[in-house]
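Working notes for the structure below.
Only a predicted model underlies this, so the values are computations on that prediction, with no experimental measurement involved. Count residues from 1 along the sequence.
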Amino acid sequence: LSPRHIALGTSDGIVQVRLLQNNTLCFHRKVSKHFISSLSFHHENPMILAVGMHDSPAIVLDLSDSGASAVIQSPVCNVP
């Protein structure tokens with residue numbers, strides 16, 4: 001990914017990454033039934049995306065892996 005990409009979270013738990021230049025969808029996954037409240041790319045590896053959700057544990061996505069192993073769920077962090 002590059003600075004030309006943007007990550008979006010929806011109210012129904014979908015995370016998308018799109019190319020800004022032409023709105024091409026590069027990544028799409030429903031990660032939760034909860035509202036996505038925050039997204040943050042890793043500062044050294046832009047393929048790692050942290051996702052915060054309302055009333056749900058935070059997760060980390062590996063955008064380079066499309067399988068189930070791409071999601072790591074935090075056992076402790078809830079966004080109030």
Side-chain angles (χ1 to χ4, degrees):
L1 295 177
S2 71
R4 296 182 306 247
H5 290 85
I6 188 167
L8 309 163
T10 67
S11 61
D12 58 348
I14 294 173
V15 173
Q16 295 182 347
V17 177
R18 292 186 171 270
L19 184 61
L20 286 172
Q21 183 179 10
N22 58 10
N23 203 30
T24 300
L25 183 62
C26 303
F27 179 87
H28 176 94
R29 176 178 289 171
K30 183 159 178 80
V31 298
S32 176
K33 63 181 179 181
H34 299 281
F35 179 91
I36 305 294
S37 59
S38 59
L39 297 165
S40 181
F41 285 102
H42 189 278
H43 67 283
E44 292 179 5
N45 184 350
M47 296 303 286
I48 302 296
L49 181 66
V51 181
M53 295 165 282
H54 182 72
D55 288 339
S56 182
I59 62 169
V60 176
L61 295 174
D62 180 352
L63 302 176
S64 65
D65 181 358
S66 62
S69 63
V71 178
I72 302 168
Q73 186 168 347
S74 167
V76 295
C77 297
N78 280 342
V79 177

*Could you check Lys30 against Asp12 for side chain to side chain contact (heavy atoms under 4.5 Å, CB included), going step by step and ending with a plain yes or no?*
CA-CA 8 Å; Lys30 183 159 178 80; Asp12 58 348; 4.0 Å; yes
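Checking Leu61, Leu63, Asp62 one by one against Ile48, the side chain to side chain contact (heavy atoms under 4.5 Å, CB included) holds for a single residue, Asp62.
Nearest heavy atom pair, residue Phe41 against residue Pro46, reads CD2-O, 3.2 Å.
Residues satisfying the side-chain hydrogen bond (donor to acceptor under 3.5 Å, both in side chains) criterion with His28, sequence neighbours excluded, are Gln16.
Taken together through direct or relayed side-chain contacts under 4.5 Å among Ile, Leu, Val, Met, Phe, Trp and Tyr, Leu39 and Val17 form part of one hydrophobic cluster. Both Met47 and Val31 are part of a single hydrophobic cluster, where members link through side-chain heavy atoms under 4.5 Å apart.
Atom CZ of Arg4 sits about 14.0 Å away from atom CD1 of Ile6, to the nearest 0.5 Å. Atom CG of residue Leu49 and atom NE2 of residue His42 lie 11.5 Å apart, to the nearest 0.5 angstrom. The line from CE of Met53 to OG of Ser38 is 9.0 Å long, rounded to the nearest 0.5 Å.
Proximity of a side-chain donor or acceptor of Ser32 to a complementary backbone N or O of Gly13 within less than 3.5 Å is not detected. Side-chain atoms of Arg29 never come within 3.5 Å of backbone atoms of Val15 as a donor-acceptor pair (strictly under, hydrogens ignored).
Two residues are said to be in side-chain contact when any heavy atoms from C-beta on lie closer than 4.5 Å; Ile14 and Ile36 fail this criterion.
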